[in-house]
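Worksheet: one structure, shown below.
Note that the structure is a prediction, hence the values are computed from the model and not measured.
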Amino acid sequence: MAGGEHMQIHTMMLGGLEPSYMRKLALYLGSRLGEQVVIGVVDNPDACEDAAKDTVWLGSGQFLSEIRKRGDDRRCILLSEENEADGSVFRYQSCEKLYQKIMFLYRQMEGIKPESVARKQKWIVFTSDQTISSLMAFSVVFAQILGEMAGVLYLNFSECSGMERVFLLDEGTDLTDLLMELRENGAPGLDTSVRRMSEMDYVLPPVNPMILHEIREEDITRLIQAVEQRASYQYVVAVLGTSCCGIEQIFRMAFRIFHLTGRDGLAECSRQEWQRFIRLCLRERQIPVEQIVLPDVEMEACGEHLIHEWIEGELGRIVRNYLAGDERKRPDE
């Protein structure tokens, strides 16, 4: 299942809206929710008679009114032409935003109990003594190429990483919002925070870097626990361009640690201090810190197209060299 969570939803049906709109949304929901969920489009409410009782129905007010006549306990989400209200989602927005809001309403209907992760996730941690934006670019390319082979979640703890601007991402819930939500509610679900970009899922990096310094150790613990519930992620790429309370837990989760560095003497001094800090975080764990000399990152214009340009360029070549020919660097068979 690509980028989704093992959930209790069995069927989701759309009806009462323009056919091309419903087909497009059904395709997107299917790509986000995976094979475990059946997404369908129906022409009329009569289809409700043969549908499973736990089906989630999405559509116009008139369509859902007919659905409810066939059972008061039907679970319905209104795709509204008006402003959003309780139990409804404004239909004219991006598929990704629709997905996030639909899943939020579904979670309100019935708590989702994720299945246990079938195998332990592998966390790959990135640090750097160079610019935060270059660290972001390289780690995104790494996550994208790894995502061609396995499910990947990308988490960037850096201050002002540039990711939102570089890829022209929509504003919304970011990593610190997620951490605060987990602190307040303790809910294990990530669906309202996780987005999709090409071959990886990601949470938007912190928009307000000040909040990073309000994080407590138990916040990182809750985040790790929430991520571990996502059986669809074989890999987690965590970018630690900024240290915050509890970050040593992420180092101790690491399957591999990469440090991006430069060639000069200043980089060497900073690199040695990073290595000392990482050893303190790891305690008794013995994980080598793999050094990568950071190449120049070129770009002419912002946008998601940069991912594909970088993958086909020097960044992609370096990443593929690290992933090729080493059994431990490939997804498990």
Side-chain angles (χ1 to χ4, degrees), residues 1-10 12 28-37 39 56 96-97 99-108 110-126 139-140 142-157 172-205 218-240 246-247 249-256 330-332:
M1 185 161 110
E5 181 177 339
H6 285 293
M7 293 177 294
Q8 295 171 336
I9 301 176
H10 301 295
M12 183 176 287
Y28 190 82
L29 292 174
S31 70
R32 293 294 265 121
L33 294 171
E35 296 178 357
Q36 191 173 356
V37 182
I39 310 293
V56 177
E96 176 62 20
K97 287 186 176 180
Y99 163 78
Q100 293 181 29
K101 292 176 180 179
I102 288 168
M103 291 312 304
F104 175 78
L105 291 177
Y106 176 75
R107 286 185 178 279
Q108 288 186 326
E110 180 178 359
I112 297 172
K113 299 177 182 179
E115 297 177 4
S116 298
V117 178
R119 56 188 174 185
K120 185 175 177 61
Q121 291 162 337
K122 295 178 178 178
W123 288 59
I124 300 174
V125 176
F126 282 86
S139 58
V140 163
F142 194 101
Q144 291 286 338
I145 294 177
L146 193 59
E148 296 172 2
M149 303 177 285
V152 174
L153 176 64
Y154 180 87
L155 301 173
N156 193 324
F157 288 80
T173 303
D174 67 11
L175 182 59
T176 51
D177 292 328
L178 171 59
L179 289 166
M180 294 303 103
E181 180 183 352
L182 291 171
R183 179 190 295 182
E184 294 173 5
N185 301 323
L190 302 178
D191 285 306
T192 58
S193 301
V194 172
R195 310 183 189 188
R196 185 76 178 169
M197 183 168 66
S198 192
E199 300 296 332
M200 74 180 191
D201 281 6
Y202 72 97
V203 178
L204 193 69
E218 55 267 30
D219 296 322
I220 301 297
T221 301
R222 293 189 192 97
L223 176 65
I224 291 172
Q225 292 172 345
V227 172
E228 285 182 326
Q229 295 298 318
R230 300 298 290 255
S232 57
Y233 298 135
Q234 286 81 55
Y235 290 88
V236 181
V237 173
V239 183
L240 307 182
I247 209 168
Q249 297 179 70
I250 296 177
F251 280 113
R252 290 199 288 271
M253 291 290 294
F255 163 65
R256 301 181 73 185
R330 296 203 302 269
D332 294 339

| Non-neighbouring partners of Asp219 that pass side chain to side chain donor-acceptor pair (under 3.5 Å), sequence neighbours left out | Arg183, Arg222
| field | Distance-minimising heavy-atom pair for Asp174 and Pro205 | value | CB-O, 3.4 Å
| Contacts of type ring pair (Phe, Tyr, Trp, His ring centres under 6.0 Å), residue Phe142, not counting sequence neighbours | Phe126, Phe258
| query | What are the two closest heavy atoms between Leu204 and Gly172, and how far apart are they? | reply | CD2-O, 4.1 Å
| field | Nearest non-hydrogen partners of Ala238 and Ile250, listed with the distance | value | CB-CG2, 3.9 Å
| task | State, with a plain yes or no, whether a side-chain heavy atom of Leu175 is found less than 4.5 Å away from one of Asn156. | result | no
| field | Closest approach of Leu190 to Ala226 (non-hydrogen atoms, all atoms of both residues) | value | CD2-CB, 3.8 Å
| Hey, does Val194 have a side-chain heavy atom less than 4.5 Å from the side chain of Leu153? | yes
| query | Under the side chain to side chain contact (heavy atoms under 4.5 Å, CB included) criterion, do Phe157 and Thr176 qualify, and how do the steps go? | reply | CA-CA 9 Å; Phe157 288 80; Thr176 51; over 6 Å; no
| said: With no hydrogens and no angle check, just 3.5 Å: does a side-chain donor-acceptor pair link Asp201 and Tyr154? | reply: no
| message | Would you compute the distance between atom OG of Ser193 and atom CG of Leu182 and round it to the nearest 0.5 angstrom? | response | 7.5 Å
| Can you tell me if Gln144 uses its side chain to pair, donor with acceptor, with the backbone of Met197 under 3.5 Å? | yes
| note | Rounded to the nearest 0.5 angstrom, the OG-CD distance for Ser232 and Gln121 is 8.0 Å
| field | CA sep, side-chain torsions, deciding dist, call: Phe255, Val125, side chain to side chain contact (heavy atoms under 4.5 Å, CB included) | value | CA-CA 8 Å; Phe255 163 65; Val125 176; over 6 Å; no
| From Glu181 CD over to Thr173 OG1, what is the distance, rounded to the nearest 0.5 angstrom? | 7.5 Å
| query | Side chains of Val203 and Arg195: does their closest heavy-atom pair fall under 4.5 Å? | reply | no
| request: Taking all heavy atoms of Ser139 and all of Val237, pick out the closest pair and write down the distance. | output: O-CG1, 4.2 Å
| said: Using side-chain heavy atoms (C-beta onward) and a distance below 4.5 Å, is Leu146 in contact with Gln234? | reply: no
| said: A side-chain contact here means heavy atoms from C-beta on lying under 4.5 Å apart; do Gln249 and Thr221 qualify? | reply: yes
| task | Report yes if the side chains of Leu178 and Leu223 come closer than 4.5 Å at any heavy-atom pair, otherwise no. | result | yes
| How far does CZ of Arg252 sit from CD1 of Ile224, to the nearest 0.5 angstrom? | 8.5 Å
| field | Within-4.5 Å side-chain heavy-atom neighbours: Leu155 and Tyr202 | value | no
| message | Side chains of Val236 and Lys122, heavy atoms from C-beta outward: is any pair under 4.5 Å? | response | no
